[in-house]
K.L.:
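Pasting in a structure now, in structure tokens, and then I'll have a few things to ask.
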Amino acid sequence: MASLDRFRNLCIIAHIDHGKSTLADRMLELCGAVDPRDMRAQYLDSMDIERERGITIKLQSVRLDYRDHVLHLIDTPGHVDFGYEVSRSLAACEGAILLVDAAQGIEAQTLANCYLALENNLEIVAALNKIDLPAADPDRYAAEIEKVLGIPANEILRVSAKTGEGVSELLDAVVERIPAPEGDPDATLQGLIFDSHFDQYRGVVSSVRIMNGTLRTGERVKFVQAGSVYSAEEIGVRRPDPTPIASLGAGEVGYLIAGIKDVGEARSGETITTPVHPAPALEGYLEPKPMVFCGLYPIDGDEFTSLREALDKLRLNDSSYTFQPESSGALGFGFRCGFLGLLHMEIVRERLEREFNLSLIATAPSVQYVVHKENGDIITIDNPSELPTSTEVSLVEEPFLRATILTPTAYTGTLMELCQARRGEMIKIEYLSPERMELVYELPLAEVVTDFFDQMKSRTQGYASLDYEPAGYRSSELVKVDILLNAVPVDAFSMIVHKDKAYNYGLRMTEKLKELIPRQLFDVPIQAAIGGRIIARETVKAKRKDVLAKCYGGDISRKNKLLEKQKAGKKRMKNIGRVEVPQEAFVSALRLDD
Amino acid sequence: MSAPVESTDFGVYVHIPFCSRRCDYCAFATWTDRDHLIGEYVDAVCLELDRSVSSGELVSATSVFFGGGTPSLIPGELLVRILDRIPLAPDAEVTVECNPDTVTAELAAIYFAGGVNRVSFGVQSMVPHVLTALGRTHDPASVARAVGFARNAGFLKLNLDLIYGGAGETLDDWCETLDAVIALRPTHVSAYALTIEPGTPLASDPARHPDDDDQADKYLAAEERLRNAGLLNYEISNWAVPGDECRHNELYWAQGDYLGFGCAAHSHRQGRRWWNVRTPDRYIETVAAGESTEASFELLDPEHRHVEGLRLALRTNVGVPSDALSDEDRELLDPLLEEAGGRLRLTVDGRLLANEVAVRLR
């Protein structure tokens with residue numbers, strides 16, 4: 001298969017901020033793929049949110065000509081929420097560049113992805129980046145990489161993506177060390193979809209790696225897992241601008257447009273083949289599984305239909321979230337949505353607001369609980385208000401994670417404290433080097449989806465990094481804390497928490513709500529309760545004065561308008577147990593960050 | 001639904017837009033730098049009154065009210081010249097708002113001789129540090145002096161205006177003001193909660209904004225002390241010896257007809273409301289040019305007028321018909337209301353929460 005010899009398929013594994021996008025920029029330049037006049041930073045990150053947050057969400061692939069070789073560079077998402085997408089992009093490669101910041105060392109998620117790459121038999125070309133920085137200590141981190149990954153320190157390259165130093169040597173190493181793809185161009189078509197995005201003019205555009213056979217323009221293509229057949233309208237490669245070509249052969253990477261209207265029909269991991277005598281499906285396909293849930297409600301109840309349309313449309317672009325209508329006594333009509341993780345949740349919400357011009361209230365994030373009832377039934381709930389009363393419940397199971405934290409040694413104590421406070425159970429603690437530590441804990445997902453990541457970052461000045469994977473369900477002593485306003489439970493504020501933390505949650509919410517709920521005509525008790533037992537209470541004292549002091553001839557119109565405004569304000573409030581609650585109170589009370 | 005009580009009274013309001021200084025809570029149409037316009041302004045008001053009489057629009061008034069600004073700032077003769085133009089019904093009430101600082105024995109005598117029969121003094125507080133905080137110049141002693149001048153001139157109807165809730169005013173300070181005011185035996189007291197008006201210097205200084213609970217305590221103190229002194233509440237912020245209620249203001253609360261003269265003055269006739277150009281300069285020009293002084297107007301549709309009528313009546317001891325609230329709202333608001341003769345009136349606590357009732361009237 002001599003014709004495949006000149007191909008090299010690779011991705012870059014790197015932590016956020018370790019310079020992946022900058023390295024990609026340099027590679028584009030070195031291979032003459034982008035006219036210097038058109039060059040911009042983070043060339044391959046196409047979404048505004050990606051540039052703002054400095055992370056890659058959607059994958060891009062680019063075809064580069066380097067000397068006599070053709071490189072297919074596949075971008076990988078830079079966040080643990082998108083671990084599955086990472087695994088699919090790895091499956092499309094024979095090798096990976098491991099890029100590590102020479103001033104910071106390897107991070108947890110990078111390490112995890114690297115192990116994943118090794119499991120997939122990828123050849124790792126390791127490089128330390130940012131050697132131009134005064135704080136760079138490449139020798140130390142090369143030794144660390146050797147220890148944790150077994151890559152000989154003397155094989156680790158040293159580059160500065162910023163200045164371009166060492167980048168051509170890195171490309172030489174890629175060509176030399178990463179094997180050419182294998183595959184039979186004459187066999188039945190068998191290709192791997194490793195990313196799809198929705199283009200409003202072209203429909204779904206999928207990134208595809210051909211494993212065997214040849215994909216030709218105009219041919220019928222079967223999508224094995226989706227069970228549908230489309231016609232290949234356009235096949236091309238990104239150089240990085242999309243360039244149509246007649247066919248893609250075994251070992252090649254490119255894009256496919258087949259008139260598909262929904263990315264759910266061409267998910268990451270999907271196998272494409274010929275409709276007649278199809279090849280078997282490739283291994284490793286998984287349905288996306290939401291881990292974190294929240295209710296999304298329009299602030300203006302009239303926007304419910306707009307929200308439904310927006311969720312439908314955005315799903316054409318991101319099939320990994322789920323949604324179904326639900327209603328809340330407090331918030332009205334909305335949707336219970338499931339996400340891959342907290343970042344994914346934030347991104348989807350932000351895109352709904354930004355791209356569809358909506359104002360949304362998101363309820364506190366929740367996980368999926370398995371509830372064993374006394375009568376033997378087992379139910380799954382993802383909304384705390386669905387938890388049956390304690391007398392009906394025999395036990396509740398919650399999802400756990402196996403979390404790996406890499407940290408400078410100095411922060412070990414504070415991180416152990418954090419993990420213990422979050423009900424973590426230590427599995428492993430080990431020195432990576434005299435300066436760095438690996439901690440492995442099993443933690444309840446619910447404790448991680450609140451503010452674990454932020455806490456970890458702030459306790460370690462940003463130096464610790466986190467990776468996690470699901471670790472099954474376990475029964476825990478969980479209770480539902482209800483918040484009652486004037487003796488009426490407010491479903492939007494119900495939360496399932498460990499019994500040791502119930503009091504704290506109750507106290508925090510009642511205190512917060514006391515500040516947020518305006519004074520009413522009567523004293524309003526705000527209570528936190530577990531079942532019938534009150535665990536915290538605050539009171540909003542009745543208001544005593546709400547009157548216009550003066551109203552004479554020249555004032556009547558203006559004063560009447562003030563009253564009209566007040567009347568209109570009352571209409572916008574939610575009435576709960578005769579208490580008028582402003583929308584802003586929900587938004588503020590449900591905000592995570594305080 | 002029964003209609004609010006229709007008034008057959010007819011009022012005239014005259015706006016005098018001049019002050020010696022502006023209080024920092026004040027949002028009224030008044031100027032401190034245009035005293036040179038006083039003569040021309042009075043001429044213009046007289047001319048507009050004459051035109052209104054000859055057109056048959058201005059008929060005999062049951063009440064006249066000189067407001068401002070500070071009407072007592074202009075020479076007494078000029079004010080009387082204006083009053084002379086206005087046809088009066090027998091027993092018409094004629095009020096002039098006065099700054100106690102500017103009232104002299106002579107001025108009081110000129111007013112009384114000219115037909116004014118009620119004076120209203122802007123007292124605000126009888127406690128010096130509270131007055132200073134309100135940006136007022138007068139000495140509390142000048143109030144007693146001015147009241148003396150008015151009595152000597154023959155005035156029987158005396159109103160004292162008060163403001164509570166200024167920065168630094170304690171409940172004791174307020175009670176001291178009330179006691180000092182009561183000692184002057186006024187026939188009428190208006191006590192206003194200090195209110196933040198947008199665009200005033202006070203509005204931009206949150207540290208000096210009043211506290212609702214403090215103002216509620218002070219309102220209750222006023223109600224108690226004034227009632228004990230024989231002054232009965234008949235509108236949220238007004239107390240009077242029975243029979244000495246302000247007839248002119250009652251006209252406003254009964255949606256009666258009135259004509260306003262001078263800049264920024266408002267008029268109302270049968271659901272049509274209009275107001276004059278805002279500045280004295282513009283007013284003088286407009287009158288001189290023989291043009292209409294009306295700046296703008298609004299027409300109240302019957303529904304709007306009905307609700308507005310209820311809201312105004314609610315402020316007074318006239319109250320509203322008992323069907324002006326739904327049963328549900330009636331129940332919710334029960335502690336704020338008392339019922340008598342098929343009408344609902346605000347209780348003392350209810351007066352403090354009148355907006356909660358007003359926005360539910362139907």
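Note that the structure is a prediction, hence the values are computed from the model and not measured.
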K.L.:
Quick one, E298(B) and S557(A) - any side-chain contact, counting heavy atoms below 4.5 Å?
P.N.:
yes
K.L.:
Check for a donor-acceptor pair, side chain of S237(B) on one end and backbone N or O of A549(A) on the other, with a separation under 3.5 Å.
P.N.:
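Yes, S237(B) side chain to A549(A) backbone: donor-acceptor pair under 3.5 Å.
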K.L.:
Side chain, backbone, both or neither: which part of R351(B) has a non-hydrogen atom closer than 4.5 Å to chain A?
P.N.:
backbone
K.L.:
With a sphere of 6.0 Å drawn around OH of Y192(B), does it hold more than 12 non-hydrogen atoms of other residues, nucleotides or ligands?
P.N.:
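Enclosed.
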K.L.:
Counting heavy-atom pairs closer than 4.5 Å to chain A, which one of R273(B), Q215(B), H268(B) comes out on top?
P.N.:
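Ranked by contacts with chain A, first place is R273(B).
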K.L.:
Hey, what's the ring geometry for Y552(A) with W253(B), parallel, tilted or perpendicular (30° and 60° as the breaks)?
P.N.:
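Y552(A) vs W253(B) ring planes: tilted.
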K.L.:
Within a strict 4.5 Å, meaning less than it, do heavy atoms of the R544(A) and L220(B) side chains meet?
P.N.:
yes
K.L.:
Considering only heavy atoms, which portion of L353(B) lies under 4.5 Å from any heavy atom of chain A: side chain, backbone, both, or neither?
P.N.:
both
K.L.:
As a test of understanding, state which of K570(A), K545(A), R519(A) forms a salt bridge (charged side-chain N to carboxylate O under 4.0 Å, His left out) with E356(B).
P.N.:
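Single salt bridge (charged side-chain N to carboxylate O under 4.0 Å, His left out) partner of E356(B) among K570(A), K545(A), R519(A): K570(A).
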K.L.:
Could you have a look at H248(B), E197(B), H15(B) and say which one has the most heavy-atom pairs with chain A under 4.5 angstrom?
P.N.:
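Looking at each option in turn, the highest pair count goes to E197(B).
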K.L.:
Check whether any side-chain heavy atom of L548(A) lies under 4.5 Å from a side-chain heavy atom of R315(B), and answer yes or no.
P.N.:
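Touching, per the 4.5 Å side-chain cut-off.
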K.L.:
When you look at CG of D327(B), are more than 12 heavy atoms from neighbouring residues, nucleotides or ligands closer to it than 6.0 Å?
P.N.:
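Open: at most 12 neighbouring heavy atoms sit under 6.0 Å from CG of D327(B).
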K.L.:
Decide yes or no on side chain to side chain contact (heavy atoms under 4.5 Å, CB included) for K543(A) and D212(B), but give the supporting numbers first.
P.N.:
CA-CA 8 Å; K543(A) 76 169 160 185; D212(B) 282 344; over 6 Å; no
K.L.:
For N357(A), is the CG atom crowded, meaning more than 12 foreign heavy atoms sit under 6.0 Å from it?
P.N.:
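Not buried by this count: 12 neighbours or fewer within 6.0 Å.
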K.L.:
Below 4.5 Å from any heavy atom of chain B, which atoms of Q520(A) appear? Answer side chain, backbone, both or neither.
P.N.:
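For Q520(A), there is no contact with chain B at all, as no heavy atom is under 4.5 Å.
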K.L.:
Is the shortest side-chain heavy-atom distance between L332(B) and F522(A) below 4.5 Å?
P.N.:
yes
K.L.:
Run the salt-bridge test on E564(A) and R311(B) with the 4.0 Å N-O cut-off and return the result as yes or no.
P.N.:
yes
K.L.:
Under a 4.5 Å heavy-atom cut-off, does chain A meet the side chain of Y13(B), its backbone, both or neither?
P.N.:
neither
K.L.:
Can you say whether L312(B) sits under 4.5 Å from chain A via the side chain, the backbone, both, or neither, judging by heavy atoms?
P.N.:
side chain
K.L.:
Working to the nearest 0.5 Å, report the span between CG of N238(B) and NZ of K550(A).
P.N.:
10.0 Å
K.L.:
Are there over 12 heavy-atom neighbours, none belonging to F356(A), within less than 6.0 Å of that residue's CZ?
P.N.:
yes
K.L.:
Can you check whether H266(B) reaches D555(A) side chain to side chain, under 4.5 Å on heavy atoms?
P.N.:
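Answer no - side chains too far apart.
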K.L.:
Quick one: of V547(A), D546(A), L521(A), who has the most non-hydrogen atom pairs under 4.5 Å with chain B?
P.N.:
D546(A)
K.L.:
Using the side chain to side chain contact (heavy atoms under 4.5 Å, CB included) rule, pick out the option among V359(B), N355(B), V307(B) that qualifies with K567(A).
P.N.:
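Only one option passes, and that is V359(B).
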K.L.:
Below 4.5 Å from any heavy atom of chain A, which atoms of Y219(B) appear? Answer side chain, backbone, both or neither.
P.N.:
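For Y219(B), there is no contact with chain A at all, as no heavy atom is under 4.5 Å.
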K.L.:
Relative to chain A, which segment of A193(B) carries a heavy atom at a distance below 4.5 Å: side chain, backbone, both, or neither?
P.N.:
both
